[in-house]
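Reading through the structure tokens given below for one structure.
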Amino acid sequence: MAYSTKTDAKWQKKWEETGLYRFDPKRTDKKLYCLEMFSYPSGANLHVGHWYNYGLTDSWARLKRMQGWNVFHPQGFDAFGLPAENYAIKTGIHPKDSTYKNIETMEEQLKKMGATFDWDYEVITCDPEYYKWTQWIFLKLYEHGLAYRKKAPVNWCPSCKTVLANEQVVDGACERCKNDVTKKDLTQWFYKITDYAQELLDCLPKLDWPEKTKKIQQNWIGRSEGAELVFEGADGSFSFKVFTTRADTLYGVTYVVLAPENELVDRITTSECKAAVEQYRETTKKQTEIERLSTAREKTGVFTGAYAVNPANGEKVPVWVADYVLAGYGTGCVMAVPAHDERDYEFATKYKLPIKRVIKGEEGVDDTLPFVDDGILTESCEFSGIGSAEARRNIVLKLEKQGKGELKVNYRLRDWLVSRQRYWGAPIPVIHCEECGAVPVPEKDLPVELPYNVEFTPDGESPLAKCEEYINAPCPKCGRPAKRDPDTLDTFVCSSWYFLRYPDNRNAEKAFDTEWIDKMLPVDKYVGGAEHAAMHLLYARFFTKALRDMGYLHFDEPFLSLVHQGTILGPDGNRMSKSRGNTISPDEYISENGSDVFRMYLAFGFAYTDGGPWSDDGIKAISRFVGRIERLVEKATALNAAQGAGVNGSAEKELNHVRNVAIKGVTEDAERFQFNTSIARLMELVNALYKYESGSQMNNALFIDTINDLLKLLAPFAPHLSEELWEQMRGSYSIFDQQWPKWDEKALVLDETEIVIQLNGKIKDKIMVPSGLDKAQTEEAVMKDPKVTGLLEGYTVVKVVAVPGRLVNIVVRQ
RNA sequence: GCGGAUGUGGCGGAAUUGGCAGACGCGCUGGAUUUAGGUUCCAGUGGGCGACCGUGCAGGUUCAAGUCCUGUCAUCCGCACCA
């Protein structure tokens, strides 16, 4: 019977019945935690991306298993989120109902993939048993000062009366009603990830992660060294700090700028300027972040009427408000040095503010303004004549003595806003009491369960706020009537610790057992999309470090080794999308060819981390390859296995050579997620077996033995097929309990090696020499070869470069 | 605008520390099997008649460059004035 979905079903059943992939909790010494980023349970079937991520990582896990590792390979669902809630608003189907239904479908599909997932350890983030502990972590963070409340602007659609996610704002307008979106300040919960900014940066070099991902995180954290300087109001009624990396340009400050959102603006704006400033602030609110931060746009701003004093020289400079200054970065105030900053230069030119040079270029350097490089100070009192680098330090040190400045490291990273004005998420376990303020829900009362009966229609309030039986609760401290926090947690919170829950998913007493997860973690291999390079991966690292500092675990990093799969594009080379009509549905291909053919095509047709365009022709090639293997097994099972032994003649040696090259190649390539070349080595082995089989004499034992190795090497990539053929070869169940083949170094070396002969770097000929010659021997063998002496006639040899086993380059002169 | 990545036959893609460019496969060509088509099996296949030329383009380093250096172009992806 040829391989088909029937084969898939047969073995999936047997694997399940025998519990083949069950993790053995007793063998933690050889544990290997292999994890793919879990998925959102959408209503649709598994798409090619799921297969590419899960199918091939599963192949890697199978390889590791056969190498003797006790692989922990769990799976679960990131089940809270916006799509289910939007779906509910549209159709009236409750998010809980649709989500659990989708999970059921998806589980079924994932099982059909034939992966080694151990479903006993499944985690679903919208289960109260899970989010109970998401809430518990919130309480712990709060207890340790890592969760706090502050005001922050949200996108607000005045017409829908609802808060919008960035992706729901299209060109400054509400996605649904097309009205202008503005900003609204709400008091919201934050996690203090900035406390860990430095450590998150410091630990990056040690991680076995793609360099570009580390770079993204490094940029996201954005450490910059500079200084905080104090500017006082000219009338002495106020003061504020600015952050600058260019303290050396302090004497060139001709104005200062506050972010429009800065609270100081209200206090300092003079009555004559009030109207203009207010109007400017309103316009700013309507800008989307993209518009506001666009470089193409002309800079705008207004004068507040107030003046501040330059702490270095006592000069009076005007205070402006402009939206090119961001409230969330640094102090939200900037000292403007138009002569030495492009943005300030542009702004000053437009509003006719003075421009004062305080830095000269070194000898011969073009220092036309704006001159933003380091140079020599000028017009800067006692600092004139010294270099920028030195001045940056000295100027701050001088101000420090007067209490007007200090050296300071600033990070671009902002605290993580976790409040969402949504229903379908983990409720924030806090009760707001008029007397006692924000009171955390006591641990014993967790989980704060999400009520089922709520009104989703957006009307300006969090859906939970309108649910009377939910929102009203007695204050845990004083017992008086109070109200629950109406918001839910960002779904990134749920996914920031699921890998900690997997190994201990049934624990009803704790989020996880410390001793146990210290054994099970860190995750040894984490595989998922590059789009999570900044946020998810940073948040998960932060959670790990925070929980470590609270003593709940004792490792520093959650994911030791990380791989990003590439993207499979449509056949036209574009990103797959319904609107383009270029989507590929795995289901049709699988029912026609079987899941292993589909998986192997994904393995063979692409460089794993690059991805690329889909091709139907590629899948046919794999189908053919499977047929070739089946016919080999058919031949082998008809043979008398007792005939023949060892590796003797040259044909046998050649087959054995290819076999060992394949073992080495597959072992090393699959290890580093280079599945395409792994399959190529298997194809070579199959070709060699055909060639051997067509020869005049056959050593049955060698042939059969080689086929057995072939099947083992194939097993990770085509698990059902290999298990089936292994059974036909009368191997004992299961092939996945067999030992991974080891290669024989001796068999990798042929008797003779081909050496390339180059003359002045150009290839002229090739000769065979005995293998294993060293440099001098290679040179000798080549130089006395008649072919070479012939080549050299009429030339003078200048130099000979010999590379053993590869080539000899002879440098000659006429 | 800034940052990152990529660029190799007709196509997908291979090439340890710089050491035979194009592994493996698709496609194509030819042959065998077959009544025929398909399937299967075998062989050939970067370009050029050739000396030679070929890894986006132009330089450079080296006995030797797809690989290292400088510049440049194109495509894709992130981030958005970071003071």
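A quick note: this is a predicted structure, and the numbers were derived from the prediction, not measured. Naming: A, B, ... by sequence-line order, numbering from 1 per chain. The basis for the numbers below is simple: all heavy atoms, side chains too, and nothing from hydrogens, waters or symmetry mates.
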For nucleotides 3-12 of chain B, list the nitrogen or oxygen atoms of the protein found under 3.5 Å from its nitrogen or oxygen atoms, one pair per line.
unit_1, atom_1, unit_2, atom_2, d
B:G12, O2', A:Gly605, O, 2.4

Show the distances under 3.5 angstrom between N or O atoms of the protein and N or O atoms of nucleotides 48-55 of chain B.
unit_1, atom_1, unit_2, atom_2, d
B:C52, OP1, A:Lys764, NZ, 3.4

Worksheet item: Should the pair A:Arg541 and A:Trp209 be classed as cation-pi, given the thresholds of under 6.0 Å to the six-membered ring centre and 45° from the axis?
Response: yes

Worksheet item: Of A:Trp320, A:Tyr345, A:Phe303, which is the lone residue that meets ring-ring contact (aromatic ring centres under 6.0 Å, His included) with A:Tyr351?
Response: A:Trp320

Below 4.0 angstrom, N of the basic side chain to O of the carboxylate: do [X] and [Y] qualify?
X	Y	answer
A:Asp709	A:Arg659	yes
A:Arg681	A:Glu684	yes
A:Lys664	A:Glu668	yes
A:Glu634	A:Arg631	no

Go through the side-chain N and O atoms of [X] and [Y] and say whether any donor and acceptor fall under 3.5 Å apart.
X	Y	value
A:Asp616	A:Tyr601	no
A:Tyr280	A:Thr300	yes
A:Trp743	A:Glu745	yes

Practice prompt. Would you please enumerate the stems RNA chain B participates in, each stem being three or more consecutive Watson-Crick or G-U wobble pairs with both distances under 3.5 Å?
Written response: B:1-7 with B:73-79, B:10-12 with B:24-26, B:27-32 with B:40-45, B:56-60 with B:68-72

Taking N or O atoms only and anything under 3.5 Å, show me the protein contacts with nucleotides 75-79 of chain B, one pair per line.
unit_1, atom_1, unit_2, atom_2, d
B:C79, O2', A:Arg412, NH2, 3.3

Practice prompt. Name the nucleic acid region contacted by A:Asn687, choosing base, sugar-phosphate or nothing; use a 4.0 angstrom heavy-atom cut-off, strictly under.
Written response: sugar-phosphate

Discussion item. Does A:Thr245 reach a base, just sugar-phosphate, or nothing at all? Heavy atoms under 4.0 Å.
Written reply: sugar-phosphate

Item to complete: Would you please test A:Leu685 and A:Thr706 for side-chain contact (heavy atoms from CB on, under 4.5 Å) and show each step?
Response: CA-CA 9 Å; A:Leu685 180 54; A:Thr706 305; 3.9 Å; yes

Worksheet entry | side-chain N/O A:Arg631 vs B:C41 OP1/OP2, d < 4.0 Å | yes

Discussion item. Strictly below 4.0 Å: does A:Tyr329 bring a side-chain N or O up to OP1 or OP2 of B:A83?
Written reply: yes

Worksheet item: Does NZ belonging to A:Lys350 count more than 12 external heavy atoms closer than 6.0 Å?
Response: yes

Between the protein and nucleotides 20-22 of chain B, which nitrogen or oxygen pairs come in under 3.5 angstrom?
unit_1, atom_1, unit_2, atom_2, d
B:C20, O2, A:Lys766, NZ, 2.8
B:C20, N3, A:Glu754, OE1, 3.2

Discussion item. Judged by each residue's nearest nucleotide on RNA chain B, which is more toward the 5′ side, A:Cys333 or A:Asp669?
Written reply: A:Asp669

Discussion item. Quick check: on RNA chain B, is the nucleotide nearest A:Lys799 upstream (toward 5') of the one nearest A:Lys691, or the reverse? Name the residue that is more 5'.
Written reply: A:Lys691

Discussion item. I want to verify a distance call: between B:C81, B:A83, B:G19, whose nearest atom is closest to the A:Lys299 side chain?
Written reply: B:C81

Item to complete: For A:Asn410, enumerate each residue passing the side chain to side chain donor-acceptor pair (under 3.5 Å) test, keeping only those at least two apart in sequence or located in another chain.
Response: A:Tyr329

Worksheet item: Can you name the residues that form a side chain to side chain donor-acceptor pair (under 3.5 Å) with A:Thr667, not counting sequence neighbours?
Response: A:Trp740

Discussion item. Show every ring-ring contact (aromatic ring centres under 6.0 Å, His included) that has at least one partner inside residues 791-814 of chain A, sequence neighbours left out.
Written reply: none

Give me, pair by pair, the N or O atoms of the protein and of nucleotides 67-69 of chain B that are less than 3.5 Å apart, along with how far apart they are.
none

Practice prompt. Using a cut-off of strictly less than 4.0 Å between a heavy atom of the residue and any atom of RNA chain B, enumerate the qualifying residues of residues 675-685 of chain A by number.
Written response: A:Asn676, A:Thr677, A:Ala680, A:Arg681, A:Met683, A:Glu684

Discussion item. So if I take residues 617-629 of chain A and measure heavy-atom distances to RNA chain B, which residues fall below 4.0 Å?
Written reply: A:Asp617, A:Ala621, A:Arg624, A:Arg628

Item to complete: For A:Phe604, check ring pair (Phe, Tyr, Trp, His ring centres under 6.0 Å) against everything at least two apart and list the hits.
Response: none

